[in-house]
S.K.: 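The structure's right below; bear with me while I get my questions together.
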Amino acid sequence: MIRIANGQGFWGDSLEAPLKQIRRGPLDYLTLDYLAEITMSILQKQFARDPRAGYARDFVDMVGRGARDIIDRRIRVVANAGGVNPEGCRGAVGKALARPGIKIAVVAGDNILDRLDDLIARGIQLKNLDTGAPLESVRPRVQSANVYFGGAAIADALATGAQIVITGRTTDTGLVLGPMIHEFKWKPDEWDKLAAGTIAGHTVECGAQCTGGNCQVDWQSIPNFADIGYPIVEADPDGSFVITKHAGTGGRITLASIKEQLLYELGDPHEYITPDCIADFTSIQLRQDGEDRVRFCGIRGRPATDMYKVSISYSAGFKAVGTLMYSWPDAYAKAQASDRILRERLDRLGLRFDAIRTEFGGVNACHGPLAAEPAADISEVILRVGARSQDRSVIERFTKEIAPLALNGPPTVTGFGAGRPKVEEIVAYWPALLPKTEAAPRISVEET
Amino acid sequence: MARVQLTRIAHARSGDKGDTANVGLIALRPEFYAVLSEQVTAQRVKKHFDGICLGDVERFELPNIGALNFLLHESLDGGGTLSLKADAQGKTYSAALLRMEIEVPDELLSKDPLPG
């Protein structure tokens with residue numbers, strides 16, 4: 001049995017969670033997920049400004065703080081922290097470790113930004129999986145393009161003997177599956193086992209969201225959220241595994257917490273497609289196996305497809321969101337009136353938006369028309385207005401019409417924050433497929 | 001028969017994939033799954049989310065964990081970074097679905113709901 005922990009559900013997750021994982025109980029592997037779908041575009045921009053940047057700096061800091069435990073207890077660390085500069089990340093991690101003789105592997109080859117024109121010229125259209133549009137239609141606005149490699153590439157990197165594996169774009173599930181393939185010598189066509197490792201990865205990829213975080217069942221009684229434990233997979237060679245957490249940490253692992261996470265961001269449960277296999281979520285058998293332990297077995301999988309998924313980001317215009325808060329009396333009526341006044345002023349200015357949207361926090365921002373009418377004496381309502389346009393100047397002008405309402409509209413208004421709302425560039429996500437023959441993981445290992 | 005909100009017999013979690021929201025609906029007890037499966041159809045969910053879900057609703061069954069998974073297409077104002085919604089990822093749609101009312105046989109409700 002090997003213990004594989006997740007210590008980071010997304011870039012921005014708890015800085016203490018990975019350290020808790022390596023210090024509060026036994027562990028063989030620590031995995032960390034730093035990349036959301038559009039993180040790559042942010043990192044690509046940082047890299048363009050500074051060729052030493054372009055990776056998840058939080059990871060380097062974590063390694064620095066945890067170096068002693070990681071080295072002394074021989075915990076192997078797998079993180080997709082490399083972004084668009086995994087070699088740069090390796091250099092920084094080596095310095096943070098401050099100990100000679102530690103092997104660090106890098107999985108690269110996922111970045112295909114420089115190859116897009118060549119691929120398109122050869123008839124590989126990288127059509128948008130949702131809309132069917134060819135990439136050519138947004139090609140000048142593309143900011144990053146990365147192939148999702150899977151667990152197999154990570155297993156190859158571990159096979160070099162590296163204690164730390166840094167990847168660029170890999171699937172979240174591959175971070176957990178990779179160590180299993182490596183440790184248990186699973187073959188590339190053992191689909192059931194690969195599917196099991198993939199589902200283990202899916203269960204823990206969002207950190208504490210399977211250990212009580214966000215769990216709706218009896219949430220008030222979930223103990224010690226303040227010190228919530230992050231998940232650990234106790235994996236066996238036959239593909240069965242237990243999800244648990246370190247003793248003494250907060251949170252709760254039950255069938256309810258696990259089932260909720262299984263369904264998170266799930267599409268067709270019969271085919272959960274990764275580069276490693278197709279996993280069938282309808283084959284999962286769950287059993288509570290003691291306190292804070294849920295056992296998985298019976299998982300089935302099918303052969304992988306011959307395509308890699310590609311994550312492309314492109315610039316898609318500009319947006320801004322402004323808020324104003326109105327108090328009792330007539331809080332909702334004031335917020336509604338303010339919205340009408342704002343719209344009229346925007347009209348008079350002749351501003352045209354691709355989209356403009358009003359929500360009333362405290363009333364209907366979450367559930368829209370499903371929400372009941374608010375009480376007549378509702379204490380406060382937040383007016384939230386967002387606008388979107390291809391034209392930056394239109395959005396700039398929009399942001400300048402929010403703050404004046406603090407003085408020249410309905411009364412008892414506050415909550416306008418630090419002045420004008422910020423104009424944001426919209427970096428949109430373009431999912432596509434690439435034949436597997438067109439990309440291959442590039443693995444290199446260096447010693448500190 | 002008693003008319004109750006789904007929150008009495010189920011829990012849920014939701015997330016996003018582009019402009020599509022997914023809502024997983026889970027029976028609080030195994031015996032509630034049949035009720036969910038029979039009454040919480042794709043059509044009913046589409047009607048429930050009228051004004052929010054502008055596209056189709058797809059439904060998938062996971063009887064092994066007593067759950068249904070719904071895909072609500074065109075529900076997130078473009079989704080991801082394009083969306084102007086406060087809840088651009090549909091994180092609260094799980095609770096929104098639990099507002100739905102369904103008919104549950106009295107004998108099923110006689111016991112206190114327990115997790116899973």
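Proteins come first, then strands; the chains are lettered A, B, ... in the order of their sequence lines, and each starts at number 1. Atoms considered below: every heavy atom in the structure, side chains included; atoms not considered: hydrogens, waters and symmetry mates. If you're wondering where the values come from, they're calculated on a predicted model, not measured in any experiment.
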S.K.: Does any heavy atom of chain A fall under 4.5 Å from the side chain of H73(B), the backbone, both, or neither of them?
M.R.: neither
S.K.: Would you tell me whether Y429(A) and K17(B) have side-chain atoms, one donor and one acceptor, within less than 3.5 Å of each other?
M.R.: no
S.K.: Nearest 0.5 Å, please: how far is CD in E61(B) from NE2 in H270(A)?
M.R.: 7.5 Å
S.K.: Got a donor-acceptor contact below 3.5 angstrom from the T81(B) side chain to the V427(A) backbone?
M.R.: yes
S.K.: Sort K91(B) into side chain, backbone, both or neither according to what part of it lies under 4.5 angstrom from a heavy atom of chain A.
M.R.: side chain
S.K.: With only heavy atoms counted, which part of S83(B) is less than 4.5 Å from chain A, the side chain, the backbone, both or neither?
M.R.: backbone
S.K.: Heavy-atom pairs under 4.5 Å with chain B are the metric here; pick the option from R357(A), E265(A), E260(A), K319(A) that has the most.
M.R.: E260(A)
S.K.: More than 12 non-hydrogen atoms from neighbouring residues, nucleotides or ligands closer than 6.0 Å to CG on D268(A), yes or no?
M.R.: yes
S.K.: Report yes if the side chains of I52(B) and P369(A) come closer than 4.5 Å at any heavy-atom pair, otherwise no.
M.R.: yes
S.K.: Is it true that, when you exclude R295(A) itself, more than 12 heavy atoms of the residues, nucleotides or ligands shown sit nearer than 6.0 Å to its CZ?
M.R.: yes
S.K.: Under 4.5 Å heavy-atom distance to chain B, tell me which part of E359(A) shows up: side chain, backbone, both or neither.
M.R.: side chain
S.K.: State, to 0.1 Å, how close L263(A) and G24(B) come at their nearest heavy-atom pair, and which atoms those are.
M.R.: CD1-CA, 3.8 Å
S.K.: Please classify the contact of N214(A) with chain B as side chain, backbone, both or neither, using a heavy-atom distance under 4.5 Å.
M.R.: both
S.K.: Which one of T282(A), D354(A), D130(A), L370(A) has the most heavy-atom pairs closer than 4.5 Å to chain B?
M.R.: L370(A)
S.K.: Tell me, out of G66(B), A95(B), G51(B), who's got the most heavy-atom pairs with chain A below 4.5 Å.
M.R.: A95(B)
S.K.: Can you tell me if N69(B) uses its side chain to pair, donor with acceptor, with the backbone of G267(A) under 3.5 Å?
M.R.: yes
S.K.: With distance as the sole test, does N22(B) use its side chain to make a donor-acceptor pair with the main-chain N or O of L266(A) at under 3.5 Å?
M.R.: yes
S.K.: Quick check on R388(A) against chain B: is it the side chain, the backbone, both or neither that has a heavy atom closer than 4.5 Å?
M.R.: both
S.K.: Which atoms of L286(A) are under 4.5 Å from chain B, going by heavy atoms: the side chain, the backbone, both sets, or neither?
M.R.: side chain
S.K.: Let me know if Q288(A) has heavy atoms under 4.5 Å from chain B in its side chain, its backbone, both or neither.
M.R.: neither
S.K.: Out of A365(A), C215(A), P269(A), return the one with the most heavy atom pairs under 4.5 angstrom to chain B.
M.R.: P269(A)
S.K.: For A355(A) and L84(B), which heavy atoms make the closest approach, and how far apart are they?
M.R.: O-CD1, 3.7 Å
S.K.: Which atoms of L25(B) are under 4.5 Å from chain A, going by heavy atoms: the side chain, the backbone, both sets, or neither?
M.R.: backbone
S.K.: To the nearest 0.5 Å, how far apart are CG in L262(A) and CG in L62(B)?
M.R.: 8.5 Å
S.K.: Is it the case that the side chains of R13(B) and Q216(A) hold a donor-acceptor pair, with the cut-off being a distance below 3.5 Å and no angle test?
M.R.: no
S.K.: Relative to chain A, which segment of A67(B) carries a heavy atom at a distance below 4.5 Å: side chain, backbone, both, or neither?
M.R.: side chain
S.K.: Where on I258(A) is there a heavy atom nearer than 4.5 Å to chain B: the side chain, the backbone, both, or neither?
M.R.: neither
S.K.: By a 4.5 Å heavy-atom criterion (distance strictly below it), what part of Q89(B) contacts chain A: side chain, backbone, both, or neither?
M.R.: neither
S.K.: Taking the side chain as every heavy atom from C-beta outward, state whether L28(B) and V217(A) have any pair of such atoms under 4.5 Å apart.
M.R.: yes
S.K.: Test your reading of the model: is there a side-chain donor-acceptor pair from H367(A) to the backbone of T92(B), 3.5 Å cut-off?
M.R.: yes
S.K.: As an exercise: rank A96(B), G18(B), G15(B), S94(B) by heavy-atom pairs under 4.5 Å with chain A and give me the winner.
M.R.: A96(B)
S.K.: How about K45(A): does its NZ atom have over 12 heavy atoms from other parts shown lying under 6.0 Å from it?
M.R.: yes
S.K.: Counting only N and O atoms by type, is there a donor-acceptor contact under 3.5 Å from the side chain of Q285(A) to the main-chain atoms of N64(B)?
M.R.: no
S.K.: What part of L71(B) is in contact with chain A, defined as an atom under 4.5 angstrom from a non-hydrogen atom: side chain, backbone, both or neither?
M.R.: side chain
S.K.: Name the region of A21(B), side chain, backbone, both or neither, that has any atom closer than 4.5 Å to a heavy atom of chain A.
M.R.: neither
S.K.: Is it the side chain or the backbone of D77(B) that comes within 4.5 Å of chain A heavy atoms, both, or neither?
M.R.: both
S.K.: Counting only non-hydrogen atoms closer than 4.5 Å, does E424(A) touch chain B with its backbone (N, CA, C, O), its side chain (CB onward), both, or neither?
M.R.: neither
